[in-house]
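Side chains included, hydrogens not; waters and symmetry mates left out as well; all remaining heavy atoms used. Being a predicted model, the structure only gives us computed values, none of them experimental.
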Amino acid sequence: LVPMVRTLRNRFNLKTSRNICTGQNLGPESNMQAAGSRILFLIILFPCAIGCGAKSSGPETHPVSGLVTLNNAPVDGAMLQFTPVSPEAGISGAQAMSRPDGTFEVKINLDMGKTVKTGLPPGNYKVAITKLQSTPGQTAPNIPPKNVLPVQYATIESTPLTVTVKAEGENHFEFPL
């Protein structure tokens with residue numbers, strides 16, 4: 001600790017202290033007091049700076065993709081909700097939206113949306129699927145859109161759909177509704 005104090009004292013030119021208001025030399029006691037307070041500040045700041053380093057990038061994920069069809073036709077704009085069966089996954093859930101050809105890729109948001117990762121951590125998930133559409137000709141704001149997919153897939157509580165994401169191999173899932 002003593003060599004560190006000497007290095008810091010030399011680095012921050014702590015040999016003379018002056019009153020910033022009057023410009024007077026304050027003497028050796030004030031020099032030591034100033035050096036001590038600056039060193040104490042640095043000793044406190046250093047661990048904080050280490051703790052504020054790069055944030056965790058979240059849980060390890062593996063690519064998850066798939067296809068949603070209804071009566072053998074691809075479903076465009078279906079919202080898929082993946083909810084882990086157990087909390088060991090390290091996430092509360094993830095979403096995906098199907099493209100016009102019915103395909104999808106799962107992404108998770110971490111750090112309050114600051115980080116987006118592709119895929120899911122390994123584990124078992126329940127999958128709810130909905131597709132909301134407004135009734136043609138009824139675009140009034142007080143008429144909510146309706147789910148056009150079978151109701152049994154609409155909620156995590158009612159869906160029979162489950163998947164197991166593996167750490168190795170392909171995680172491609174097809175959902176024929």
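- In this structure, the side chain to side chain contact (heavy atoms under 4.5 Å, CB included) partners of Leu67, at least two apart in sequence or on a different chain, are Thr69, Thr103, Glu174.
- Interatomic distance, CG of Leu120 versus NZ of Lys166, reported as 13.5 Å (0.5 Å rounding).
- Leu132 contributes atom CG, which lies 8.5 Å from atom CG of Leu149 (distance to the nearest 0.5 angstrom).
- What you find for Phe104 and Ala96 is that their closest heavy atoms are CD1-CB, 3.9 Å.
- Atom CZ of Phe173 sits about 7.0 Å away from atom OG1 of Thr164, to the nearest 0.5 Å.
- Closest approach of Ile108 to Gly93, counting heavy atoms only: CG2-O, 4.2 Å.
- Placement of Ile156 and Met79 in two distinct hydrophobic clusters is found when ILVMFWY residues are connected by side-chain heavy-atom separations under 4.5 Å, directly or transitively.
- Rounding to the nearest 0.5 Å places CD of Gln95 at 8.0 Å from OG1 of Thr83.
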List the steps and the verdict of side chain to side chain contact (heavy atoms under 4.5 Å, CB included) for Leu161 and Leu177. CA-CA 10 Å; Leu161 304 174; Leu177 309 179; 4.1 Å; yes

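- Note that NZ of Lys126 is 8.0 Å distant from OG1 of Thr162, once rounded to the nearest 0.5 Å.
- Ser65 places no side-chain N or O within 3.5 Å of a backbone atom of His172 that could act as its donor or acceptor partner.
- The shortest non-hydrogen separation linking Ala167 to Pro122 is CB-CG, 4.0 Å.
- Using a distance-only test at 3.5 Å, with no hydrogens or angles considered, no donor-acceptor pair links the side chain of Thr61 to the main chain of Pro121.
- With rounding to the nearest 0.5 Å, the separation of OG1 in Thr130 from NZ in Lys146 is 15.0 Å.
- Heavy-atom minimum distance, Pro74 versus Gly102: CB-N, 3.7 Å.
- Summarising the geometry of Val106 relative to Ala94, their closest heavy-atom pair is CG1-CB, 3.7 Å, with the distance given to 0.1 Å.
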Any chance you could lay out the side chain to side chain contact (heavy atoms under 4.5 Å, CB included) test for Glu168 and His62, step after step, and finish with the verdict? CA-CA 8 Å; Glu168 295 182 19; His62 303 279; over 6 Å; no

For side chain to side chain contact (heavy atoms under 4.5 Å, CB included), just list the numbers for Thr159 and Ile129, CA-CA rounded to whole Å, side-chain angles, deciding distance to a tenth of an Å, and then say yes or no. CA-CA 8 Å; Thr159 184; Ile129 306 175; over 6 Å; no

Report the C-alpha separation of Phe175 and Val163 in whole Å, then their side-chain angles, then the decisive distance to 0.1 Å, and conclude whether the side chain to side chain contact (heavy atoms under 4.5 Å, CB included) test is met. CA-CA 10 Å; Phe175 300 109; Val163 297; 3.7 Å; yes

